[in-house]
Amino acid sequence: MIYDALFGKPLISLIVVGFAGILVWYFLSRQRPTTRLVVQILFFAVMTLILVGSGIEPHRFQGYQSEDPQALLVIVAKSLWWVHLAWAVIGFIRLYLVLEGSPREARLLQDLVIGIVYIGMALSVLAFVFGVPIGTIVATSGVVAIILGLALQNTLADVFSGIALTLGRPYVIGDWILLSDGTEGRVVESNWRATHILTGANNVVVLPNSFLAKLGLTNVSRPDETHLLILTIRIAPTRMPASIRQIMLAALTSCNSIVREPAPVVALKGLDATSLEVELQFRVTSPSQRVPARNEVLDLVYRHCKSAGLLLAVPPAAQVLTADLPTEENAKPPTVTPLALIEAIPVFATLTSDERQKLADTTTVRQFRKGDVIVRESEMLPSLMMVRAGIIVARREGEERGRFAPGDFFGETGLLAGMQEVCTLEALTPVTIYEIGQAAFAPLLSERPALAEEIAEALAGRAERFRDGVALPPEQARNAHAILKTIRTIFRA
């Protein structure tokens, strides 16, 4: 019965099977490519069996008369056979033509091969179904292709350059690249025609692939996202170069915005009567962190120079007399007294001279050796601590969360709100601290509520900075905002 149904009227049976295969293939989920491939092969096999059983050769053109009632059926049947053959081959390509770890390249290669399969299918249908002389078409299409190629020269150049860039993989989506023409930014989209780059100015630059392929390209994201920065600092030669180098290294060591590994490098580049030229080399986590890191390093260099009594050198173009240049013998570096440190801290800028002097008179000096614990986690500091010299590291559960440098202060959580410290503070180098007790602060906080708010806001800003740099935990920021809210409630009452 099945034999009679299939081979009694083979052309009609083949057409029915062909359209049934199209419907089944259409309704099968694309999430099941293996099942779709098996179904395509089964329908193709049945159609091949019907053609062979009925004596029809799909790969040969068998002449027929236009008035032949079977002519249309033969054309439809053989066309469906070629379509199913192409779909079965495409199913194999989609399933097995895979580049491990390179989905974009695999997809592009699949599309190219599938395009070739469709072209081959179309030429086969023309040749073996309709008897069209392919040789003549190819010769004629060559002339047409030349005309179209000249008209679409730029577009084709973009397309083929896009293929070359995709296969060569000089960058992927998300990479930060720098072009030889100065364009710099993160790749947000790449297609057959153009590449879209998001610049630091938050603009999207669209570059044609043919233009991009001609430029020199630096992929800043490889082998990783870390980015090297180099700053040149000129210091007055009032100390031994080795001592100046150690101070610059301490400035880099105390920075929270740079990468710890590989360690930053301080290189002495030149020495003359006017300056010692020092090159600071350090890495940041990504190119987007260059400006914050550069700002923090410059700030820390100034603070460490101020703390150590170093003088910045005059600019190279400045006209100075040799006799006026500071030397190791006649240099008079500024002394960092408690009053000078208080005046240098921004939160105390609103105080009058008398108020700053009263604070300075109440300060006590505390010294810590390298490795000494200043305060442990969950302990409370009832006084404000200002770092005069050295570096302090903040650790929570044994993990480093941030560092304090000269000019930084801590202890405000206990002073203002009676809260415990969330981190253990340990001296990374020999440390000198100026301490101001609660008794000296109480009158100022009563008379100047804004001072308490500024200190709490500085704490909140520091906690946010440390958290963004994978430093202090989020609860430190919540504590800072809680302190600020408590202070405002108290002083408004």
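The chain is numbered in sequence order, starting from 1.
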I need the minimum non-hydrogen distance between Phe409 and Phe404, along with the two atoms involved. O-CE2, 4.1 Å
Passes side-chain contact (heavy atoms from CB on, under 4.5 Å), Thr195 versus Ile197? Steps please. CA-CA 7 Å; Thr195 296; Ile197 300 175; 4.3 Å; yes
Are the side chain of Glu426 and the backbone N or O of Arg395 linked by a donor-acceptor pair below 3.5 Å? no
Rounded to the nearest 0.5 angstrom, the CD-CD1 distance for Glu279 and Ile230 is 4.5 Å
Shortest non-hydrogen separation from Ile235 to Met248 and the atoms involved: CD1-CE, 4.4 Å
What's the verdict on salt bridge (Lys or Arg N to Asp or Glu O under 4.0 Å) for Arg401 and Glu377, showing C-alpha distance, side-chain angles and the deciding distance? CA-CA 12 Å; Arg401 300 300 180 92; Glu377 185 179 335; over 6 Å; no
The test is side-chain contact (heavy atoms from CB on, under 4.5 Å); show your working for Val265 and Leu252 and say whether it passes. CA-CA 9 Å; Val265 175; Leu252 293 177; over 6 Å; no
Taking all atoms of both residues into account, what is the closest heavy-atom pair of Ser275 and Arg234, and its distance? OG-NH2, 2.9 Å
Checking the side chain of Arg260 only, and the main-chain atoms of Thr253 only, is there a donor and an acceptor separated by less than 3.5 Å? yes
With the side chain counted from C-beta on, respond yes when Leu280 and Val266 share a heavy-atom pair under 4.5 Å apart, and no when they do not. yes
Rounding to 0.5 Å, atoms CZ (Arg283) and CD1 (Ile258) come to a distance of 11.5 Å
Spatial distance of atom NE2 (His304) from atom CG (Leu249) [nearest 0.5 Å]: 10.0 Å
Looking only at heavy atoms, the pair that brings Asn209 and Ala194 closest together is ND2-N, 3.3 Å
Arg303 backbone acceptor or donor facing Ser307 side chain under 3.5 Å: no
Ile391 backbone acceptor or donor facing Thr429 side chain under 3.5 Å: yes
With Leu217, the side chain to side chain contact (heavy atoms under 4.5 Å, CB included) member among Leu179, Asp175, Leu178, Thr183: Leu179
Using 0.5 Å steps for rounding, measure from the OG1 atom of Thr218 to the CD atom of Glu184. 9.5 Å
Do any N or O atoms from the side chain of Gln289 and from the backbone of Val284 form a donor-acceptor pair under 3.5 angstrom? no
Val83 vs Trp87, side-chain contact (heavy atoms from CB on, under 4.5 Å): CA-CA, chis, key distance, verdict: CA-CA 6 Å; Val83 169; Trp87 283 356; 3.8 Å; yes
Chi angles and distances behind the side-chain contact (heavy atoms from CB on, under 4.5 Å) call for Val278, Leu268: CA-CA 5 Å; Val278 181; Leu268 304 180; 4.0 Å; yes
In short, Val422 meets Arg396 closest at the heavy-atom pair O-NH1, 3.0 Å
So, do Thr226 and Thr285 sit near enough that their side-chain heavy atoms are less than 4.5 Å apart? no
Check whether any side-chain N or O of Asn295 sits under 3.5 Å from a backbone N or O of Pro292 as a donor-acceptor pair, and report yes or no. no
Taking all non-hydrogen atoms of both residues into account, name the closest pair between Val431 and Ala427 and its distance. CG2-CB, 3.7 Å
Kindly indicate whether the side chain of Arg403, heavy atoms from C-beta on, has any atom under 4.5 Å from the side chain of Leu428. yes
Got a second to check how far Trp176's CH2 is from Thr199's OG1, nearest 0.5 Å? 8.0 Å
dist Ile41:CD1 -> Leu85:CG (nearest 0.5 Å) comes out at 11.0 Å
